[in-house]
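Everything on this sheet refers to the single structure shown next.
Nothing fancy with the numbering, it's 1 onward along the sequence.
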Amino acid sequence: MSAPSQNPAVVPVAKPAEVSAQAKSRDEAPQANELKKQAATTPQGGAAAPASKASALGGKGGGKGMNTMSPASGGTAAAAPKAKSAPAPPTSAAAIVEEGKKPMTAAARISATGSSLAKGVGAKAEPQAKPKAKAKMAAMSSRPLPRDTMGAAPTSVLNIVSGQPVPATQAGTSAYATSTVGPARTYAKSAAGAVNGEVPKAGPPAVAMGRALAAGRPAMQMVNGKPVTTITKKYQLVFVTGEVAPFSKTGGLGEAMDGLPIALAALGHRCMVISPRYDQYSEAWDTGYWGSVTMGGKQESVHFFHTYKQKVDYVFVDHPTFLERVNGLTGSKLYGPEWGKDFADNQARFAYFCKAALKAIQELPLGGAIYGSDCMVVCNDWHSALVPMLIHAEKSMTGKWQNTKTAFLCHNAVFQGRFVCEEGLAQIFGVPERYIDSITFKMPLRIGKYNEKVSCVNTMAAGLRYCDRALTVSPSYAVECCTDPEKGVELESLFKLGKCTGILNGVKEGVSPSD
C-alpha cells in the first residue's frame, strides 16, 4: 500500500503526454529486462572480453549501448538513475577488497579454479585523453641574480645532500658529515680540468671521473680510442619494482625506477630492472624463456620479455594476471580498477611476481650471462617486499644466494600491503610457517588508529625484517620512519632493525638555483 501524500487536498493529474510515456515505458520494460540479462552474461556488462590484450589494443572494441529510456515530455531524454552494479564473483579478476568482507583466500581460489591467481579482465581502460598542447614560456632576460639572494646553504642542509649515508639512529653523530664531496654537480666540477672535448662536462660520465679523482686515481684513461674511467668497483644491481616509467607508472615509484638504474649503469655497473608486463610494450621482445614457480602446490608459468635501453636490462614478467587484467591500456590501474579499490588477489599476484623475479635473476641469460647470486637486489615498496624474505628462506634451506645482498627501499611507508591472515599462506609463498608468523600483526587493514585491528599479514614488514639494509628516499624521512609513529605507521621498530638509511632522491633533469 502506498504511503499517504503529505498534502492530501492536492491530487496530481498526469498530462496526456505523460500517460503516453508511462504506457510506453511499461511496454518496453520486458525488453529492457531481457537486455540486462544478456549484458549480465559478459564482463562489465558490455561486449565480451577479448581473448588477449593484442585484440584489445588493436581496436576500440565494443559498440554504443542501446538507449531503452522512455522520452519525457518536451522531447528531451530523461536521465535514468545509474544502476548499482552487482559485486563481481569472488573468483573473478574484477573482485575487489570490500570493507567488512573477507576476500576469497588463495587456497580457496585454487580449489575453485585451479590457480591462486585470478585471470581474465578485471577493469576497463580509461578513455584516452587528447594530449594537451605544451605551454610556451615567455623569453626571460639573461642577467645574474643579486648576490644577496645567492648565499650559501646552511651546513645542516649541505650535510643531508653530501654527507656519508648512515643509519638514521646515527644521524646525530659526527659520522653524518664525513664527506665533503657528494652531489653530482660537485663531482663533475672537480673533474672539469680532466675533461676533454669527447667527454660531457655534466651527467654520469663527469660524475664518474670526479669520483675517481676523489678516490685518488686518474680521472680516465683511453682504451681502444675511447675514454674509460678508472673506477674499479663495479656491481651487478637488480631493481625489483611494481612499476617503472615510461612503461608503467602511478606515481613517484615509477619515476624513481626510471632514473636511478640508468644513472648507476652510466657509472659502470650492470643493472637490471624487473617489473610486471601490464601491457604489450613495443620495445620489449620475447626472451624465449619458459619456467614455472609453485604456488600452493600448483605450477604457475613464468615467461619473460626483455629490452635493453641506456645500458639497463629491463625484464618484464609476462602472465595473464598482469597482461589481461585491464581491457585496453592499463594506465594507472596497476593495483585496482580505481584509486582506493584494490584487486582482491593482489597478495597472490605480487607474491607470484616476487617468486618470478628470483627466476629472472638466477636463470635468465642476458648478454650471454645470467646475473646469478653475485648481485645486490634492491626491492621497492610492498609489491616486491617478499623478495628479501624469499631469498632468506632459500638461503637457509637450499644454500642458494650466499653472495647476495638485499636492500628494501621504502618510497612511502603508508602503503604497506596489509592483508587478512589466511590459512595456507605459507604454501602459497613456499616458505616455512615461521616466516608467516614473523610478519603477522594485530593491525587494522586500513591505516587509522580508530579502525578495527585484525590479524593481518604485513607485506612491507617482510622486506624490513629480512633485508640486509633498509633504505628511504631522504635522511630526514629515515629518521621519521624510525621515530615518528605517524610516519613509520606502526613499523618504526622494523625500520630501526633494518638500520634504515636515507639517501636523498635525485632528479633526472639537472636543477640549480642559479638557473
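Using a distance-only test at 3.5 Å, with no hydrogens or angles considered, no donor-acceptor pair links the side chain of Thr472 to the main chain of Cys410. Remark: side-chain polar atoms of Asp286 are not paired, donor with acceptor, to backbone N or O of Phe305 under 3.5 angstrom. The backbone N or O of Val414 sits less than 3.5 Å from a side-chain atom of Asn412, completing a donor-acceptor pair. Remark: the backbone N or O of Ala284 is not paired with any side-chain donor or acceptor of Thr307 at under 3.5 angstrom.
With Phe350 as the partner, the ring pair (Phe, Tyr, Trp, His ring centres under 6.0 Å) test is satisfied by one option alone out of Tyr335, Phe429, Phe343, Phe419: Tyr335.
Within a 6.0 Å sphere centred on NZ of Lys311, other residues, nucleotides and ligands contribute 12 heavy atoms or fewer. A 6.0 Å sphere centred on NZ of Lys499 holds no more than 12 heavy atoms belonging to other residues, nucleotides or ligands. At most 12 heavy atoms of other shown residues, nucleotides or ligands fall within 6.0 angstrom of atom NZ in Lys405.
Of all heavy-atom pairs spanning Met272 and Ala360, the tightest one is CE-O, 4.4 Å. Across Ile447 and Val489, no two heavy atoms sit closer than the pair CD1-CG1, 3.3 Å.
Of the N and O atoms on the side chains of Ser438 and Tyr466, at least one donor lies less than 3.5 Å from an acceptor on the other residue. Ser275 and Glu243 are not linked by any side-chain donor-acceptor pair at a separation below 3.5 angstrom, with hydrogens and angles left out of the test. Side-chain N/O atoms of Asn346 and His383 include no donor and acceptor closer than 3.5 Å. Under 3.5 Å, the side chains of Ser292 and Gln299 contain a donor-acceptor pair of N or O atoms.
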Please determine whether ring pair (Phe, Tyr, Trp, His ring centres under 6.0 Å) holds for the pair Tyr435 and His392, giving the CA-CA distance in whole Å, both sets of side-chain angles, and the decisive distance to 0.1 Å. CA-CA 10 Å; Tyr435 284 93; His392 188 278; 5.7 Å; yes

Please assess Ile370 against Glu363 for the test side chain to side chain contact (heavy atoms under 4.5 Å, CB included), listing each intermediate value before the final yes or no. CA-CA 6 Å; Ile370 62 171; Glu363 300 178 10; 5.6 Å; no

Can you check salt bridge (charged side-chain N to carboxylate O under 4.0 Å, His left out) on Lys119 and Glu324, steps first, answer last? CA-CA 7 Å; Lys119 298 182 178 67; Glu324 292 181 1; over 6 Å; no

Could you go step by step and tell me if Gln362 and Ser373 meet the side chain to side chain contact (heavy atoms under 4.5 Å, CB included) rule? CA-CA 7 Å; Gln362 288 279 19; Ser373 296; 3.2 Å; yes

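Using cut-offs of 30° and 60° on the angle between ring planes, the pair Tyr352 and His319 is tilted. The aromatic rings of Phe353 and Phe322 lie perpendicular to each other, with more than 60° between the two planes, well past the 30° mark.
Taking the ring-ring contact (aromatic ring centres under 6.0 Å, His included) definition, one finds that Tyr314 meets it with Phe247, sequence neighbours left out.
Asp345 has a carboxylate O that lies under 4.0 Å from a charged side-chain N of Arg325, or vice versa, which qualifies the two as a salt bridge. Residues Lys309 and Glu283 are paired through a salt bridge, judged by an N-O separation under 4.0 Å between the basic side chain and the carboxylate.
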